[in-house]
Amino acid sequence: MTAKIPLAGVIGSPIGHSKSPQIHKHWLKTLGLRGDYVPMDVSTADLEQVLRTLPKAGFVGVNITIPHKEVVLDIADLVTDRATLIGAANTLIFRKDGKIHADNTDGYGFIENLRAGAPGWAAASGPAAVLGAGGAARAVVASLADAGVPEILLTNRTRVRAEKLAQDFGSRVTVVDWVQAGNIMDEATLVVNTTSLGMIGKQELRVPLDGLRKGTVVTDLVYAPLQTNLLIEAEKRGCITVDGLGMLLHQAVPAFERWFGKRPVVDSATRAAALR
Ligand code: NAP
């Protein structure tokens with residue numbers, strides 16, 4: 001009972017909205033593990049000093065969220081190839097030798113959520129249409145390419161950002177102009193919204209959805225609200241829809257396992273804990 005209690009947490013600014021504490025605390029409790037998980041509002045100016053100090057207080061790692069996901073790569077001592085390619089990290093492991101190890105589990109969370117929510121979806125079944133080219137899109141594209149999707153049709157309001165992403169990820173990514181976004185739906189077997197459009201407090205996603213076909217898998221990274229207009233409209237058209245909350249839950253699994261030593265499962269109780 002004298003060993004330090006392992007601590008983890010999430011660092012961002014602001015941080016009050018984060019659902020990660022509910023998720024990790026739920027797993028600690030249900031798995032009967034010692035430990036705790038705390039939200040921390042830290043400015044970019046203080047980030048490095050805080051990260052170097054936390055291991056001394058018993059922290060085994062932290063999640064990193066907006067606005068620090070990119071800048072943290074310059075602070076970490078070791079960065080996985082995946083995080084380097086994505087250009088952002090969401091998970092840090094504080095190693096016993098004092099080194100900070102950065103990884104990105106968003107792509108893992110995305111694919112696991114898709115597999116759980118649309119078990120009939122096969123990566124090789126056809127092109128994926130990806131709306132948006134921000135940090136989350138980079139993780140999604142990386143995981144789709146890894147899973148074996150033959151072509152990724154990528155569209156973003158700021159075209160140059162999509163072109164940079166395509167350059168980094170290779171010939172499987174085809175950039176389509178944002179005004180053509182509606183036209184790529186009928187070719188795709190999977191449609192992913194990675195923009196922040198449709199989120200509470202943001203504008204609606206106003207892309208024409210007439211091209212959506214019955215049976216197409218449609219998923220939204222936005223999870224507040226849980227049922228976005230995109231998902232509601234897709235369901236009306238007979239599509240298979242997958243909400244974004246599961247991605248948040250699944251991306252937390254590898255981090256929890258690394259920090260606390262047990263692999264948690266994502267089930268309905270985990271979803272309920274996140275929504276509490
Ligand atoms: P980001 O890097 O800031 O990218 C935002 C994206 O949204 C860009 O593609 C941006 O286009 C687009 N966008 C914003 N306002 C727009 C508008 N008015 N019209 C058209 N496009 C617009 O953010 P991010 O980190 O990629 O996150 C994107 C969303 O994914 C957020 O809602 C976030 O909460 C969600 N997310 C969810 C999970 C999960 O676990 N479910 C994980 C990560 C992120 P421009 O390039 O033209 O600005």
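Both counts, for ligands and for their atoms, begin at 1 and track the order of listing. The first residue in the sequence is number 1, and the count goes up from there.
Residue Arg161 places a heavy atom less than 4.0 Å from ligand 1.
In summary, the atoms of ligand 1 found under 4.0 Å from a heavy atom of Gly132, numbered by their order in the structure, are 9 (O). Near Ser196, meaning under 4.0 Å from one of its heavy atoms, ligand 1 places the atoms 7 (O), 14 (C), 31 (C), 32 (O). Within the listing of ligand 1, atoms 32 (O) sit less than 4.0 angstrom from a heavy atom of Met199. Each of the following atoms of ligand 1 lies closer than 4.0 Å to a heavy atom of Tyr223: 39 (C), 41 (N). Proximity to Thr194 (heavy-atom distance under 4.0 Å) selects the following atoms of ligand 1: 28 (C), 29 (C), 30 (O). Counting atoms of ligand 1 from 1 in the listed order, those under 4.0 Å from a heavy atom of Ala133 are 9 (O). Proximity to Gly135 (heavy-atom distance under 4.0 Å) selects the following atoms of ligand 1: 2 (O), 26 (O).
Taking a 6.0 Å sphere around CD of Glu204, one finds it holds more than 12 heavy atoms contributed by other residues, nucleotides or ligands. Atom CZ of Arg271 has more than 12 neighbouring heavy atoms from other residues, nucleotides or ligands inside a 6.0 Å radius.
Any N or O atom pair closer than 3.5 Å counts here, and Gly244 shares at least one such pair with ligand 1.
Proximity of Leu248 to ligand 1, defined as any heavy-atom pair under 4.0 Å, is shared by backbone and side chain alike. Both the backbone and the side chain of Met247 come within 4.0 Å of ligand 1, counting heavy atoms alone. Contacts between Trp178 and ligand 1, counted as non-hydrogen atom pairs separated by less than 4.0 Å, involve the side chain only. With a 4.0 Å cut-off on non-hydrogen atoms, Leu245 does not touch ligand 1 at all.
A pairwise comparison of heavy atoms in Ala118 and Ile240 identifies CB-CG2, 4.0 Å as the closest pair. In terms of heavy atoms, Lys56 sits closest to Lys4 at O-NZ, 3.4 Å.
Checking Asn90 against Asn63 by side-chain atom types alone, no donor-acceptor pair falls below 3.5 Å. Side-chain contact check for Gln180 and Thr155: no donor-acceptor pair (N or O, by modelled atom type) lies under 3.5 Å. Looking at Ser13 and Asp41, their side chains do bring a donor and an acceptor atom within 3.5 Å of each other.
Atom 26 (O) of ligand 1 has its closest protein heavy atom at Ala136 N, 2.8 Å.
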